[in-house]
> 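Would you mind keeping the following structure in view while I ask a few things?
Numbered from 1 within each chain, the chains take letters A, B, ... in sequence-line order. Below, each value reflects all heavy atoms present in this structure, side chains not excepted, and no hydrogens, waters or symmetry copies.
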Amino acid sequence: MLEQVYIAEMGKYVGENVTLKGWVYNRRSSGNIRFLMLRDGTGIAQGVISKADVSEQTFELADRIPQESSAVVKGKIREDKRAPGGYEILVSELEPIQIAENYPITKKEHGTGFLMSHRHLWLRSKKQLAIMRIRNVIISACRKFFDSLGFLLVDAPILTPSAVEGTTTLFETDYFGETAYLSQSGQLYMEAAAMAFGKVYCFGPTFRAEKSKTRRHITEFWQIEPEIAFAELDDIMELAEKFVAYITEQVLVNRAEELKILERDTGPLENVIPPFPRISYDEAVDILNKEGSSFKWGDDFGSPEETLLSEKFNKPLLVHHYPAKCKPFYMKRDPQNPQLALAIDMLAPEGYGEIIGGSQREDDLETIKKRIEEHNLPQDAYEWYLDLRKYGSVPHSGFGLGLERTITWICKLPHIREAIPFPRLLEKCYP
RNA sequence: UCCGGCGUAGCUCAAUGGUAGAGCAUCUGGCUGUUAACCAGAGGGUUGUAGGUUCAAGCCCUACCGCCGGAGCCA
């Protein structure tokens, strides 16, 4: 019985001889006993090598095999309280696959610049694995949530002919002699899809060439964007609440171990239960001014304002009815007050800022034509978009959730760059 | 793009303007249950680059490059 067993499953094989395959994470020794920590992506196992049990070469190898060497280990599994994880393998054979060169990431601390330039290796460490496992649960939760509500997943194109906003923040690329742009949102296409299928969402990478150099920005990030025909602002506020609560719950239920590795205090996450506080932009401005901020009505919130606001509440915060002038052309104006847009943002707690942005969309043909003009956008690029208002236009609404910002908050990471396997940052595209 | 901080051993950091050090990693040896093991020893440096001030510069000045943080920007 010598087939490969994954470390996470070790406990099922107590007393049996098994084969583990993995990489040397660390090794320790004491006299005639050697301890080899082996990782395989599912966990870390302690291998015990006693001088009496193995050949001289194997014992010698166990003492010298460098960190991150790949190896096949055979031996008997047993339970032992002294082993991290409660189980260990009594090694009878140790077969190296490749002897690693000097591994640059050592057991002591490293600076961020160094780690980022070794991102391909940094991913092997415990915390990075924990983050990626949480990311995976969040992605599954997003899909499960919308699928279970009868939404249709519709993939938006990544190469697009036009900009949703201006053209300053787009990555440009040559498209057979024409200019194409990397998508910064699937939203306009989701509006078309919603008119076709009712309730839809897309889930894919989006790109922004902004020269933003903050802990909240990467140039390539993933968004989940639902769009719903006949839905109004209140409907998507409720949906956004349930959505974020579901994601949080899924992480708490399925990734308790990983949250512990990240030393994440789960108290604030357990509190993420609807209803969330909802305040209007006007009320938000009042709060800011009361806190001594010199923020003026009509401006959009920057990071300091978002942080200040979200720290006033112990749940995600919904802010609605923003001034129309700081929001994009497709948002519907409030019929009660045309100065305002029917827009919402959700700010994550603990100072993590905006994780959701959404709105009810403008559904009147003449109004949206006027908006396109006002924003100096090329009308011909939006002909197909205007068609949606010509053929059975209905009220509709949607929002986008930034995946990496959500991960950053749930894991309480110091910077968004750790929330994605290979972050693309301002002027940095390596590895 | 702007503001601030920092660039010293493979890594993380020390070093009044006066002989460049420590921990980890590496190498050698020791230790029969280690938990980022520990103990002893060894090797490892054109102090980011280019100028300048000074009897003397890792340290002071200028420029450039790089990294970090923040702002602006940002469905």
> Under 4.0 Å, heavy atoms only, any strand: does F35(A) hit a base, just the sugar-phosphate, or nothing?
base
> Base, sugar-phosphate alone, or nothing: which one does D80(A) contact when heavy atoms must sit under 4.0 Å apart?
base
> With the side chain of T106(A) defined as its heavy atoms from C-beta on, choose the nearest nucleotide among C24(B), U34(B), C31(B).
C24(B)
> Just to be sure I understand the rule, does Q67(A) reach a base, reach only the sugar-phosphate, or reach nothing, if contact means heavy atoms closer than 4.0 Å?
nothing
> Would the base of C73(B) count as contacting S212(A) through its side chain, where contact means a donor and an acceptor less than 3.5 Å apart?
yes
> Counting any heavy atom closer than 4.0 Å, what does G358(A) reach on the DNA or RNA strands: base, sugar-phosphate only, or nothing?
nothing
> Please work out if P104(A) contacts a base, only the sugar-phosphate, or nothing of the nucleic acid, heavy-atom cut-off 4.0 Å.
nothing
> Just to be sure I understand the rule, does E101(A) reach a base, reach only the sugar-phosphate, or reach nothing, if contact means heavy atoms closer than 4.0 Å?
nothing
> In whole angstrom, what separates H118(A)'s NE2 from C11(B)'s P?
8 Å
> Between atom CZ in F114(A) and atom C1' in C13(B), what is the gap in whole Å?
14 Å
> Do T169(A) and Q184(A) have side-chain atoms, one donor and one acceptor, less than 3.5 Å apart?
yes
> Does a side-chain N-to-carboxylate-O contact under 4.0 Å join R278(A) and E283(A)?
no
> Examine F276(A) together with F313(A) and report whether their ring centres are nearer than 6.0 Å.
no
> Hydrogens and angles aside, do R208(A) and T206(A) bring a side-chain donor and acceptor to less than 3.5 Å of each other?
no
> Considering Watson-Crick and G-U wobble pairs with both distances under 3.5 Å, what does G69(B) pair with?
C3(B)
> Taking any heavy-atom pair under 4.0 Å as a contact, classify K81(A): base, sugar-phosphate, or nothing.
nothing
> With rounding to whole Å, what would you report as the distance between C6(B) and G48(B) at their C1' atoms?
11 Å
> Going by purine N1 to pyrimidine N3 plus the second Watson-Crick contact, or the G-U wobble pair, all under 3.5 Å, which nucleotide sits opposite U47(B)?
none
> Would you kindly give the CE-to-C1' distance between M37(A) and U34(B), to the nearest whole Å?
9 Å
> When you get a sec, tell me which of C74(B), C73(B), U34(B) is the closest nucleotide to the side chain of E210(A)?
C74(B)
> Using the closest heavy atom to pick a nucleotide of RNA chain B for each, name whichever of F301(A) or R64(A) lands nearer the 5' end.
R64(A)
> Whole-Å distance between C68(B) C1' and E418(A) CD?
14 Å
> Would you say the side-chain atoms of K369(A) pair up with the backbone N or O of D364(A), donor to acceptor, closer than 3.5 Å?
no
> Rounding to an integer number of angstrom, what distance separates A22(B) and A15(B) when you compare their C1' atoms?
11 Å
> Expressed in whole Å, how much space separates the C1' atoms belonging to A63(B) and G21(B)?
31 Å
> What nucleic acid atoms does H415(A) come within less than 4.0 Å of, heavy atoms only: base, sugar-phosphate, or nothing?
sugar-phosphate
> Is any side-chain nitrogen or oxygen of K327(A) closer than 4.0 Å to OP1 or OP2 of C74(B)?
no
> Considering only heavy atoms and no angle criterion, is a donor-acceptor pair shorter than 3.5 Å present between the side chain of K213(A) and the base of G69(B)?
yes
> Nearest whole angstrom, please: distance from the C1' of A71(B) to the CG of D300(A).
15 Å
> Ignoring backbone atoms, establish whether R27(A) has a side-chain N or O less than 4.0 Å from OP1 or OP2 of A25(B).
no
> Using atom P of each nucleotide, how far apart are C60(B) and A14(B) to the nearest Å?
14 Å
> To the nearest Å, give me how far apart CD (E68(A)) and P (A25(B)) are.
15 Å
> Distance only, no hydrogens: is a donor on one side chain within 3.5 Å (strictly under) of an acceptor on the other, for Y385(A) and E191(A)?
yes
> Using Watson-Crick or G-U wobble geometry with both distances under 3.5 Å, which nucleotide pairs with C27(B)?
G41(B)
> Using purine N1 to pyrimidine N3 plus N6-O4 or O6-N4 for Watson-Crick, or N1-O2 and O6-N3 for G-U wobble, each under 3.5 Å, what pairs with U32(B)?
none
> For atom C1', what is the distance between G23(B) and U8(B), given to the nearest Å?
15 Å
> With a 3.5 Å limit on both atom pairs, tell me what C59(B) is paired to, counting Watson-Crick and G-U wobble, or say none.
none
> Please evaluate the base of C74(B) for a donor-acceptor partner in the side chain of H217(A) within a cut-off of under 3.5 Å?
yes
> Side chains of R124(A) and Y25(A) only: does a donor on one sit below 3.5 Å from an acceptor on the other?
no
> Quote, to the nearest angstrom, the P distance that separates A9(B) from G72(B).
36 Å
> Please pick, from C68(B), U32(B), C11(B), the nucleotide with the shortest atom-to-atom distance to any side-chain atom of T112(A).
C68(B)
> Indicate whether any N or O donor in one side chain lies under 3.5 Å from an N or O acceptor in the other, for Y201(A) and D147(A).
yes
> Which nucleotide in the list A25(B), G69(B), C11(B) gets nearest to the side chain of R417(A)?
G69(B)
> Using a 4.0 Å heavy-atom cut-off, does G400(A) contact any base of the nucleic acid, only the sugar-phosphate backbone, or nothing at all?
nothing
> Determine whether the side chains of Q128(A) and R119(A) contain a donor N or O and an acceptor N or O closer than 3.5 Å.
yes
> Work out how far the C1' atom of G44(B) is from that of C24(B), and round it to whole angstrom.
14 Å
> Looking only at atom P, what distance separates A57(B) and C38(B), rounded to whole Å?
40 Å
> Checking contacts here: which listed nucleotide (A71(B), U34(B), C74(B)) is nearest the side-chain heavy atoms of P304(A)?
A71(B)
> Can you measure Y103(A) atom OH to A25(B) atom P for me and round it to whole angstrom units?
15 Å
> Is it true that F301(A) and Y322(A) have ring centroids separated by less than 6.0 Å?
yes
> Just checking N32(A): base, sugar-phosphate only, or nothing, at a heavy-atom cut-off of under 4.0 Å?
base
> Looking only at side-chain atoms of S30(A), point me to the closest of U34(B), G10(B), C68(B).
U34(B)
> Tell me the partner of A22(B), counting only Watson-Crick (N1-N3 plus N6-O4 or O6-N4) or G-U wobble (N1-O2 and O6-N3) with both under 3.5 Å; none if nothing fits.
U12(B)
> Would you indicate what G31(A) reaches in the nucleic acid, counting non-hydrogen atoms under 4.0 angstrom: base, sugar-phosphate, or nothing?
base
> Describe the nucleic acid contact of G186(A) in one word from base, sugar-phosphate, nothing, applying a heavy-atom distance below 4.0 Å.
base
> Taking the nucleotide of RNA chain B with the closest heavy atom to each, which residue, G302(A) or A52(A), is nearer the 5' end?
A52(A)
> Taking atom P of C74(B) as reference, at what distance in whole Å does atom CZ of F221(A) sit?
14 Å
> What nucleotide among U34(B), C74(B), A71(B) has an atom nearest to a side-chain atom of Q46(A)?
U34(B)
